[in-house]
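Notes to accompany the following structure.
So that the names make sense, note that chain A is the first sequence line, chain B the second, and so on, each numbered from 1.
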Amino acid sequence: MSDHELRVSKIRDGTVIDHVEGGQALNVLAILGIDGSEGFGVSVGMNVPSDRLGRKDIVKVEERELSQSEVDVLSLIAPEATINIVRDFEVVEKNRVTRPDSVTGVLSCPNRNCITNADEPVDTRFDVVADGVRCDYCSTILRADIADHIDV
Amino acid sequence: MRQDHLITATQLSRDDIEAVLDRAREVADDPAAYADRHAGRVLALCFFEPSTRTRMSFDSAAKRLGIDTIGMGDVDSSSVSKGESLSDTVRVIEGYADAMVLRHPSEGAATLAAEHVSVPVVNAGDGAGQHPSQTLLDLHTIRENHGLDDLTVGIMGDLKYGRTVHSLAAALTEFDVNQHFISPESLRLPRSVRFDLHETGAQIREHEELEPVLDELDVLYVTRIQKERFPDENEYHRVAGEYQIDAETLEEADDDLTVMHPLPRVDEIAPDVDETDHATYFEQAHNGIPVRMALLDTLLENANPDGDEGTEVDR
């Protein structure tokens, strides 16, 4: 993207999550538990042109670097995302997300009759399968609608 | 079988299944050899929803091994009605018993329970999830009638919510079995069960009518279609009526067809079928005793590998 098209300014320190599927930026923020109240500078670009994705979202979070578990969950809704760690305006690390084997405590089970929805002191646990995730307790498979079940 | 708990049929290998069924055969042949084998042990029967045959079958099986049983009584009068979590309940009961059998209305309840206790847990039905001890007795029944390979099995009725169906379909993939699933469109196998069947490369086909496949079947496993699955009672009567069989229906079937049902039946198998050689559902229910004896014996043996077979009793 050339400079005259740049819609979101550069950041000094923090994380740039690029190549997020169009429309998923707010879910990315939800996963990271960022709602603006933390005081970080947050910039969001939605549906900006992308050679690779056609349309993509970009999320820039100042003064915040992502943990591995946050990246794991991001991979489920934004499998094409790249994570750039920025320090003093320079990209010091650039990583593609990788799908984890399982995710614990971040998704709610869509099956209302699952024991994890029964007020038990239990974290949900989902295995990552070929085309979605699967509840370890009731075996329900969640595919396209993963973002609707993020519970953080 | 080298398992600590029995939670789902998908955890069982062919060897696991055959080991339990071999033992069930030994138990059936010589029950006296198993009497008092686990004297001094206690089994907790934790039934969070009503059950007659499964609870009595486990109770009877345990007592025939010399095991004492304890129960929770009516769920309405137990601590569950005071809002205690399942996690707490099983942790308390763990201190009272050497093993527990759990029936619960929520899917995944047995998995959760097994995470909290170190005594063996047997899933005796978790909502619309799994019912693996029923599957072992189903397989025992099929094996004693036909063997377990080179078979064609039809499973008919409520395939979506039927936990006995989910467990049986998974276990049959360990054998050389063609599976036909016959149900109304709205009660087809759930996505998760279908996923597991596809993962194993199992040969399965789905139908809305029994008639085109009936003459191919060695076993027809019928399940009850429940009224509460339908928003409208007329729709229920219309659909359920298409999945009822009687002696006339079975005239088209192979002479050796075995008709099974996990029971209780309502009207999906007419009483006139009872008089035919096809009817195997009462034999199937009775097989619950040797199979559950073999299962409890195996799990308690696994939990006590030093060869201690219970407290010594004076003879």
Side-chain angles (χ1 to χ4, degrees), chain A residues 21 24 27 31 68-69 72-79 97-152, chain B residues 5 7-11 46 48-49 75 80-91 102-117 121 123 125-132 160-161 163 165-167 169-170 189-200 228-229:
Chain A
E21 189 185 327
Q24 292 290 351
N27 285 323
I31 289 175
Q68 188 58 46
S69 65
D72 283 350
V73 181
L74 274 185
S75 73
L76 300 176
I77 64 158
V97 297
T98 52
R99 287 161 70 80
D101 293 335
S102 67
V103 287
T104 299
V106 281
L107 297 171
S108 62
C109 185
N111 172 12
R112 299 314 303 165
N113 204 41
C114 176
I115 194 71
T116 60
N117 287 317
D119 284 333
E120 291 290 329
V122 60
D123 278 337
T124 61
R125 197 172 58 237
F126 286 79
D127 281 340
V128 177
V129 295
D131 49 355
V133 296
R134 184 176 212 200
C135 176
D136 258 9
Y137 290 89
C138 73
S139 298
T140 295
I141 293 174
L142 193 51
R143 285 188 175 141
D145 39 2
I146 288 173
D148 295 339
H149 296 280
I150 293 166
D151 183 21
V152 286
Chain B
H5 308 285
I7 307 299
T8 142
T10 55
Q11 79 185 70
C46 309
F48 290 79
E49 61 172 29
V75 169
V80 177
S81 64
K82 298 175 190 145
E84 188 181 49
S85 68
L86 174 66
S87 313
D88 278 5
T89 306
V90 296
R91 274 184 283 195
L102 178 72
R103 158 78 56 99
H104 195 279
S106 295
E107 286 97 75
T111 303
L112 179 76
E115 288 176 350
H116 286 290
V117 302
V121 175
N123 181 6
D126 59 332
Q130 290 267 324
H131 194 353
K160 185 173 183 182
Y161 298 100
R163 56 194 171 202
V165 171
H166 305 160
S167 290
L189 287 174
R191 189 195 263 179
S192 60
V193 174
R194 204 185 300 260
F195 178 88
D196 285 333
L197 294 175
H198 285 301
E199 286 279 287
T200 63
E228 55 267 32
R229 303 301 181 207

Between atom [atom1] of [X] and atom [atom2] of [Y], what is the distance when rounded to the nearest 0.5 Å?
{"X": "A:Cys138", "Y": "B:Asp126", "atom1": "SG", "atom2": "CG", "result": "9.0 Å"}
{"X": "A:Ile141", "Y": "B:Arg194", "atom1": "CD1", "atom2": "CZ", "result": "10.5 Å"}
{"X": "B:Tyr161", "Y": "A:Asn113", "atom1": "OH", "atom2": "CG", "result": "9.5 Å"}

Which residues satisfy the side-chain contact (heavy atoms from CB on, under 4.5 Å) test with A:Gln24, sequence neighbours excluded?
-> A:Val20, A:Glu21, A:Asn27, A:Ile77, A:Ala147
So, does A:Arg134 use its side chain to make a donor-acceptor pair with the main chain of B:Ser192 at under 3.5 Å?
-> yes
Heavy-atom pairs under 4.5 Å with chain A, option from B:Thr8, B:Leu112, B:Asp88 with the top count | B:Leu112
Sort and list the pairs that fulfil salt bridge (charged side-chain N to carboxylate O under 4.0 Å, His left out) and have at least one residue in residues 101-120 of chain A, not counting sequence neighbours.
-> none
Do [X] and [Y] have side-chain heavy atoms sitting under 4.5 Å apart?
{"X": "B:Ser85", "Y": "A:Pro121", "value": "yes"}
{"X": "B:Glu107", "Y": "A:Asn111", "value": "yes"}
{"X": "B:Leu86", "Y": "A:Ile115", "value": "yes"}

Checking heavy atoms, do the side chain of B:Glu199, its backbone, both or neither come under 4.5 Å from chain A?
-> neither
Using non-hydrogen atoms and a 4.5 Å limit, figure out which bit of B:Pro190 sits close to chain A: side chain, backbone, both or neither.
-> neither
